Structure formats: structure tokens, C-alpha cells
Amino acid sequence: MLYDLTVPAYQNGLRALSGQLAKALAWGAENGVGELQLIVARLAPDMFPLASQVRFSCLQAMQSPTRLGATGAPAFTEDAADFAGLQAQIAATLAWLDTVEAATLDTDPGRAVGFDLPNGMAFDMTALTYVRDWAQPQFYFHLVAAYSILRHMGVPLGKADYVSYMMAYLRPGTATVA
């Protein structure tokens with residue numbers, strides 16, 4: 001159950017983010033907006049830039065499986081300096097997620113999970129409440145922030161870009177024609 005709530009969702013979100021970045025890079029080239037302009041863009045002065053939001057999305061996707069027992073996650077200590085680096089972080093995260101086994105995460109949803117934040121706050125939860133109340137919101141916060149930065153910069157993204165993985169579930173004959 002915990003595996004199904006995390007790993008496939010993270011894979012879907014990161015693949016969608018990869019597509020958004022590809023679209024942003026192409027749009028930037030066509031519209032005179034350079035990679036660096038997009039990489040350092042942020043929604044507000046006190047928020048992290050796009051490069052950090054992508055790195056944090058990857059880190060969050062690896063953090064919960066790791067806290068639930070998976071091992072061997074790559075470490076990203078710095079933001080990527082270009083779009084190739086952003087895509088490499090996503091690809092490495094997806095490759096690692098492919099190695100995570102459901103049995104590793106699904107041992108006991110009631111087991112204790114505790115963690116400390118750098119500011120000194122400490123949390124104690126069950127594995128299930130950790131996934132539901134911390135891991136998922138943290139992942140989606142950074143994923144949405146990255147999407148929002150790209151939209152803020154003018155990249156023509158829509159909901160279909162954010163949930164592009166939903167096309168696998170589209171009932172035949174129901175797609176709208178643009």
C-alpha cells in the first residue's frame with residue numbers, strides 16, 4: 001500500500017516535470033528566454049528558484065522510500081546549472097525509483113517513522129501518516145512550485161502538462177480536438 005501511494009506517484013510526477021522542462025527549453029529558444037533565466041526564476045524573493053524546486057522534487061521522491069527502508073538513493077547536494085543537469089537529476093531519480101521494491105516499503109503501515117528538520121523540529125508518526133501527511137504534500141509542493149515558475153515565466157503549460165500521465169487512462173474516442 002505505501003509503495004503504491006509513493007513510488008508510482010513520484011514516477012508520474014517526475015516524468016511530467018521532465019516533459020514540462022523540455023517544453024520550457026523549446027519555448028525559451030523560440031522566445032529569447034535563456035536557460036539561465038528560467039533556472040534562476042522564482043515566484044517570490046523568499047522562495048527557491050526553479051533549479052532548487054526540481055532538485056527538491058527529486059529529493060522528496062527519494063526521501064520517503066528511504067525513510068521507509070529503501071537504500072542506495074543518489075545524493076544531489078547542489079542545484080543543476082542547466083536544463084541538461086535538471087533532466088539528469090530527474091533521470092537518476094527515476095532510475096533509482098525503478099529499483100525500489102514494494103515489499104521494502106509495505107512491511108507495516110503502523111510502524112514508527114521519525115525525522116528531524118534542520119530548524120530543530122522533530123516529528124514522530126506512523127509510516128502511513130508520514131506518507132499521507134508529510135511525504136506526499138512535500139513532493140507535490142515542490143512539483144507545483146516548479147510548474148508555477150515555468151508558467152510565471154510565460155511557458156505555455158496547462159493542466160494536461162501537469163498530469164500528462166493521465167493520458168494512459170483516457171477512454172478511447174473521448175479526447176477533445178484542439
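By convention here, the first residue in the shown sequence is residue 1. Since the structure is predicted, the reported quantities are computational estimates derived from the model, not experimental observations.
- Here the side chains of H152 and Y147 are not in contact, with every heavy-atom distance at 4.5 Å or above.
- Although no hydrogens or angles enter the test, the distance criterion places no donor-acceptor pair under 3.5 Å between the side chain of K23 and the main chain of V155.
- The local environment of OH in Y140 is crowded, with over 12 non-hydrogen atoms from other residues, nucleotides or ligands closer than 6.0 Å.
- E35 places no side-chain N or O within 3.5 Å of a backbone atom of A81 that could act as its donor or acceptor partner.
- Between atom CD1 of residue I149 and atom CG of residue L43 there is a gap of 4.5 Å, rounded to the nearest 0.5 Å.
- Looking only at distances, a side-chain donor or acceptor of T93 sits under 3.5 Å from a matching main-chain atom of Q89.
- The environment of E78 atom CD is sparse: at most 12 non-hydrogen atoms of other residues, nucleotides or ligands sit within 6.0 angstrom.
- Remark: R67 CZ to M62 CE distance equals 12.5 Å, nearest 0.5 Å.
- No side-chain donor-acceptor contact under 3.5 Å links N31 to the backbone of V33.
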Note to self: Between Q60 and H142, does the side-chain hydrogen bond (donor to acceptor under 3.5 Å, both in side chains) criterion hold? Intermediate values first, please.
What the structure shows: CA-CA 8 Å; Q60 292 298 323; H142 294 293; 4.7 Å; no
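- Taken from CG in L86 to CG in D79, the straight-line distance is 8.5 Å, to the nearest 0.5 Å.
- Atom NZ of residue K159 and atom OG of residue S164 lie 13.5 Å apart, to the nearest 0.5 angstrom.
- For the pair R42 (side chain) and M47 (backbone), a donor-acceptor distance under 3.5 Å is present.
- Counting only heavy atoms from C-beta outward, the side chains of I90 and L21 approach each other to under 4.5 Å.
- Looking at R151, its side chain never comes within 3.5 Å of a backbone N or O of A146 through a donor-acceptor pair.
- A donor-acceptor pair under 3.5 Å is absent between the side-chain atoms of R15 and the main chain of N12, judged by distance alone.
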Notebook entry, point to check: Yes or no on side-chain contact (heavy atoms from CB on, under 4.5 Å) for L150 and L50, after CA distance, side-chain angles and deciding distance?
Noted result: CA-CA 8 Å; L150 294 172; L50 176 64; 3.7 Å; yes
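- Contact of the T66 side chain with the T71 side chain is not registered, since no non-hydrogen atoms from C-beta on lie closer than 4.5 Å.
- Grouping the Ile, Leu, Val, Met, Phe, Trp and Tyr side chains by contacts below 4.5 angstrom, directly or via other members, places V131 with L117.
- The backbone N or O of A122 sits nowhere less than 3.5 Å from a side-chain atom of D116 that would complete a donor-acceptor pair.
- Distance check: L94 CG to Y10 OH gives 13.0 Å after rounding to the nearest 0.5 Å.
- The backbone N or O of L2 lies less than 3.5 Å from a partner atom in the side chain of T6, making a donor-acceptor pair.
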Next item on the list: Under the side-chain contact (heavy atoms from CB on, under 4.5 Å) rule, what do F83 and L38 come out as? Steps first, then yes or no, please.
Entry: CA-CA 9 Å; F83 270 60; L38 293 168; 3.8 Å; yes
Next item on the list: Please test Q53 against L143 for side-chain contact (heavy atoms from CB on, under 4.5 Å), starting from the C-alpha separation and ending with a verdict.
Entry: CA-CA 7 Å; Q53 299 297 349; L143 203 63; over 6 Å; no
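- At a threshold of 4.5 Å between non-hydrogen side-chain atoms, the residues M1 and D4 do not count as touching.
- Using a 4.5 Å cut-off on side-chain heavy atoms (C-beta onward), D133 and M125 make contact.
- Within the model, atoms OG1 of T107 and CG of L68 stand 8.0 Å from one another, a figure rounded to the nearest 0.5 Å.
- The closest side-chain heavy-atom distance from L17 to S57 is below 4.5 Å.
- In this structure, S18 contributes its side chain and L14 its backbone to no donor-acceptor pair below 3.5 Å.
- Relative ring orientation between Y130 and F115 is described as perpendicular, the plane-to-plane angle rising above 60° on a 0-90° scale split at 30° and 60°.
- The hydrophobic clustering, which links ILVMFWY residues whose side-chain heavy atoms are closer than 4.5 Å, places Y162 and L170 apart.
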